[in-house]
Amino acid sequence: MKASLLVLALAVAPACGKHNEVDVLHHEANAVAKYCAPLVTSLEARVESIFKRGTTIPASTPGIDAVGSRLTEARDMIGQLKGAVVAGADGKSAVEKQAAAAAKDRRVSDLQKLVRETERACERGTTIIEDDLQSVESWIAYYDRDRLSLAIPQPAQAPAPGQPAAPGAYGATAPAAPTAAPTGGVPSGAAGTRPATVPPAAAEPARPRP
């Protein structure tokens, strides 16, 4: 009887160990999916915001094709992760459904693989997406900065040495307009006019009396 009980205990122990491992791996797979899901949702909202912003940028802008490619890569990667870890209409994600099926059949190796691949996909995918979005957002910031600088009036250039300053440039004032002549006459001292009186030095000397 004692020998039979010992054999039964040895037979049950591995089964209990396997059962516990299945439960742990099942829980771990669900935890990875639930951790990754909000990250993917947040990145998706960020992509949509960038796409909306991009509709205001002319398609002829230099560099926009390369930026568009990186944004498309980020959106495609989000679609893959979303399909794996974000819950569907039934409240379960694809990873959670796979974990439940593997746990039901006690497929430890499948659960291990699922946990490992989900962790790797989440880490790699979110890193690529984040890098793409940072690159795109930096490009948009440069575009906005350059567009703003073109809209701000630029100061006049300083004149070259020896050259007169342009009217209004760096505080220079334009030459004053000539004063209008009084009605019926010409300005005093104007070129081509004679003085009203002859200076004494130029007066004709008096003739001697006989």
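Numbers for residues simply follow the sequence, beginning at 1.
Checked by atom type and distance alone, the side chain of Ser135 never pairs as donor or acceptor with a backbone atom of Asp131 at under 3.5 Å. Ser69 places a side-chain N or O within donor-acceptor distance of the main-chain N or O of Asp65, the cut-off being under 3.5 Å. Between the Ser42 side chain and the Pro38 main chain, no donor and acceptor come within less than 3.5 Å of each other. Checked by atom type and distance alone, the side chain of Thr118 pairs as donor or acceptor with a backbone atom of Leu114 at under 3.5 Å.
The two atoms that bring Leu25 and Val115 nearest to each other are O-CG2, 3.7 Å, heavy atoms only. Across all their heavy atoms, Ala37 and Val85 have their closest contact at CB-O, 3.5 Å. Across Ala84 and Ser93, no two heavy atoms sit closer than the pair O-CB, 3.6 Å. Residues Leu81 and Ala121 come closest through the heavy atom pair CD2-O, 3.5 Å. When all heavy atoms of Lys82 and Glu44 are compared, the pair lying nearest together is NZ-OE2, 3.0 Å. The two atoms that bring Thr56 and Tyr143 nearest to each other are O-OH, 4.5 Å, heavy atoms only.
From Arg75, atom CZ reaches atom CD1 of Ile129 across 12.5 Å, with rounding to the nearest 0.5 Å. Separating the CG atom in Asp132 from the CD1 atom in Ile78 is a distance of 9.5 Å, to the nearest 0.5 Å. In this structure, NZ on Lys113 lies 10.0 Å from CD on Gln98, to the nearest 0.5 angstrom.
A salt bridge between Asp105 and Arg107 is present, with a side-chain N of the basic residue lying under 4.0 Å from a carboxylate O of the acidic one. Note on Arg53 versus Glu137: no salt bridge recorded, every NZ/NE/NH1/NH2 to OD/OE distance being 4.0 Å or above. Comment: Glu96 engages Lys34 in a salt bridge, judged by a side-chain N to carboxylate O separation of less than 4.0 angstrom.
No side-chain heavy atom of Asp76 sits less than 4.5 Å from a side-chain heavy atom of Glu73. By the 4.5 Å heavy-atom criterion applied to side chains, Glu130 and Thr126 are not counted as neighbours. No side-chain heavy atom of Phe51 sits under 4.5 Å from any side-chain heavy atom of Val136. In this structure, Arg116 and Glu28 have side chains that are not in contact, with every pair of non-hydrogen atoms separated by 4.5 Å or more.
Residue Val47 is not grouped with residue Leu39 when hydrophobic side chains (ILVMFWY) are merged at heavy-atom distances under 4.5 angstrom, including chains of intermediate members. Both Ile140 and Leu71 belong to a single network of hydrophobic side chains, linked directly or stepwise wherever heavy atoms of I, L, V, M, F, W or Y lie under 4.5 Å apart.
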Next on the checklist: Working note: Leu133 + Arg70, criterion side-chain contact (heavy atoms from CB on, under 4.5 Å); need CA distance, chi angles, decisive distance, verdict.
Outcome noted: CA-CA 8 Å; Leu133 297 189; Arg70 299 204 67 168; over 6 Å; no

Checklist entry - Given Val32 and Val95, is the side-chain contact (heavy atoms from CB on, under 4.5 Å) satisfied, shown in steps? => result CA-CA 9 Å; Val32 172; Val95 169; over 6 Å; no

Checklist entry - Are Asn30 and Tyr35 close enough, and set up right, to give a side-chain contact (heavy atoms from CB on, under 4.5 Å), and what steps lead you there? => result CA-CA 9 Å; Asn30 290 343; Tyr35 169 80; over 6 Å; no

